[in-house]
Amino acid sequence: MAIRAMLAALRNRSFTTAVAPRYRFLSTLVLAEHEGGSVKASSLSAVEAIKSLGEDNSVSILLAGSGPSLQEAAAQAASCHPSVSQVLLADSDKFTYPLAEPWAKLLHVVQKKGNYSHIVAASDSFGKNILPRAAALLDVSPITDVIEISGSHLFVRPIYAGNALSTIRYTGSDPCVLTVRSTSFPVVSMSAHSISSPAAIEQVDLSTFSEDDAVGKSRYVKLSSQDTERPDLGNARIVVTGGRGLKSAENFKMIEKLAEKLGAAVGATRAAVDAGFVPNELQVGQTGKIVAPELYMAFGVSGAIQHLAGIRDSKVIVAINKDADAPIFQVADYGLVGDLFEVIPELLEKLPEKK
């Protein structure tokens, strides 16, 4: 009887349960790369990507470096997107070169003060170098190479060299650290936005950043770059790529001549890079650069799965290979079975000079 009376009393009593929200308001820090006084297009794509995180997202851009070019890049960043509310400047010789140790420590210092819900960077050599180390300092697990943002903590990324897509729900503590694939978030021209006034530019307090924090396991040696007027491989409208079928570095110059006529960027497969035909900054693929041009032309490229993972977002793919069974033909929009040593000279002869 006593048990029945207790159950009856519980049934007649109302309970109110307060459920705390899982996540607080959104605030995002974008780690941006700059060069020559301009923010790189890949970093602008990261700013574009975070629109999908949710509404009422306070966005800050972090720029580091030294000299006048940093100030010029800050002025551009302040007007690059209407959602940007703040530009943070870390002006110090410690950040002249993007070494992982000092930059990751900088992110840790800025996060402790700003308490951001998300930290985002482009999934390029710059972001891949710094963000994993910063995530380790913050004791969180990073989510890399995101191609779609479905919510503030729901993301899609490719796996198995792009043959499958994995949907990930982040359930860890703040901040949620992301690298986003820039080709999946094309930058909208500034004319499409109505930017009423530039964002505020503030200096980062580096008083707690000691000299010892900048000393790590890596050091800057030198910068090697090609003196060329060709467009950047990661952002070019047209990419002409050569593979092992070119057979030598001398023959690879045909690809460069064709690219000059088309106003295109030059790319290469890993096999061509490993053979010493071209430097590794021209490598396209899973372990190289991810590209998404309007036109992608592949000469002597067999179509290894790692290479296809880097070109999957290209609008039109044209493949020229003498092997009719080459895997590249399975993904190509247009394919030509032929000898590239005959096809390229014919193209060079018939194409008009670039104006």
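Since the model is a prediction, treat every value here as computed from it, not as a measurement.
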What I'd like to find out is whether the side chain of [X] reaches to under 4.5 Å of the side chain of [Y], using heavy atoms alone.
X: His118; Y: Asp174; result: no
X: Val177; Y: Ile143; result: no
X: Val291; Y: Asp313; result: no
X: Val318; Y: Tyr296; result: no
X: Thr269; Y: Val284; result: no
X: Ile50; Y: Leu26; result: no
X: Arg244; Y: Asp274; result: no
X: Val266; Y: Leu258; result: no

Just checking, is any N or O donor in the side chain of Asn57 or Thr28 under 3.5 Å from an acceptor N or O on the other one? yes
Heavy-atom pair of closest approach, residues [X] and [Y]:
X: Phe299; Y: Leu246; answer: O-CD2, 3.7 Å
X: Ser92; Y: Ser66; answer: O-CB, 3.8 Å
X: Ala135; Y: Pro142; answer: CB-CD, 3.8 Å
X: Leu233; Y: Gln283; answer: CD2-O, 4.5 Å
X: Val273; Y: Pro279; answer: CG2-O, 4.0 Å
X: Gln86; Y: Ala199; answer: N-CB, 3.7 Å

If you round to the nearest 0.5 Å, how far is [atom2] of [Y] from [atom1] of [X]?
X: Leu106; Y: Ile130; atom1: CG; atom2: CD1; answer: 9.0 Å
X: Leu340; Y: Met254; atom1: CG; atom2: CE; answer: 5.5 Å
X: Leu44; Y: Cys80; atom1: CG; atom2: SG; answer: 5.5 Å
X: Leu351; Y: Lys261; atom1: CG; atom2: NZ; answer: 6.0 Å
X: Arg169; Y: Leu154; atom1: CZ; atom2: CG; answer: 5.0 Å
X: Ile238; Y: Ser314; atom1: CD1; atom2: OG; answer: 12.0 Å

Donor-acceptor pair, distance only, cut-off 3.5 Å: does the side chain of [X] make one with the backbone of [Y]?
X: Ser43; Y: Glu33; value: yes
X: Ser45; Y: Ala41; value: yes
X: His153; Y: Ile168; value: no
X: Ser27; Y: Ser58; value: no
X: Ser248; Y: Asn251; value: yes
X: Asn129; Y: Pro98; value: yes
X: Ser79; Y: Gln76; value: no
X: Glu202; Y: Leu89; value: no

Plane angle bin for Phe252 and Phe277 - parallel if under 30°, tilted between 30 and 60°, otherwise perpendicular: tilted
Any link between [X] and [Y] through a network of hydrophobic side chains (Ile, Leu, Val, Met, Phe, Trp, Tyr) touching at under 4.5 Å?
X: Phe185; Y: Val156; answer: no
X: Ile61; Y: Val109; answer: yes
X: Val343; Y: Val316; answer: yes
X: Leu131; Y: Leu29; answer: yes
X: Val47; Y: Leu70; answer: yes

In sequence, state the C-alpha distance, the side-chain angles, and the governing distance for His307 and Val301, and then conclude on side chain to side chain contact (heavy atoms under 4.5 Å, CB included). CA-CA 9 Å; His307 183 76; Val301 176; 3.7 Å; yes
Determine whether Glu148 and Phe155 satisfy the following criterion, side chain to side chain contact (heavy atoms under 4.5 Å, CB included), listing intermediate values before the conclusion. CA-CA 6 Å; Glu148 182 181 334; Phe155 313 100; over 6 Å; no
Run the numbers on Leu63 and Leu88 for side chain to side chain contact (heavy atoms under 4.5 Å, CB included), then give the verdict. CA-CA 6 Å; Leu63 292 170; Leu88 299 175; over 6 Å; no
Which is it for Glu101 and Lys105 under the salt bridge (charged side-chain N to carboxylate O under 4.0 Å, His left out) test, yes or no, and what are the steps along the way? CA-CA 6 Å; Glu101 288 83 4; Lys105 181 64 179 179; over 6 Å; no
Would you check, one step at a time, whether the test salt bridge (charged side-chain N to carboxylate O under 4.0 Å, His left out) holds for Glu294 with Arg237? CA-CA 5 Å; Glu294 296 179 14; Arg237 292 177 57 252; 3.3 Å; yes
For the aromatic rings, using the six-membered ring if either is Trp, is the centroid distance between Tyr97 and Trp103 under 6.0 Å? no
Could you go through Arg270 and Gln286, starting from their C-alpha distance and side-chain angles, then the distance that decides it, and tell me whether this counts as side chain to side chain contact (heavy atoms under 4.5 Å, CB included)? CA-CA 10 Å; Arg270 179 166 184 171; Gln286 186 180 19; over 6 Å; no
Other residues, nucleotides and ligands only: do more than 12 of their heavy atoms fall within 6.0 Å of [atom1] on [X]?
X: Glu349; atom1: CD; value: no
X: Lys128; atom1: NZ; value: yes
X: Gln71; atom1: CD; value: yes
X: Lys113; atom1: NZ; value: no
X: Tyr160; atom1: OH; value: no

Passing option when Phe329 is tested against Asn321, Leu336, Asp323, Ile317 for side-chain contact (heavy atoms from CB on, under 4.5 Å): Asn321
Determine the sole option in Asp145, Thr179, Thr144 for which the side chain to side chain donor-acceptor pair (under 3.5 Å) test with Arg157 is passed. Thr144
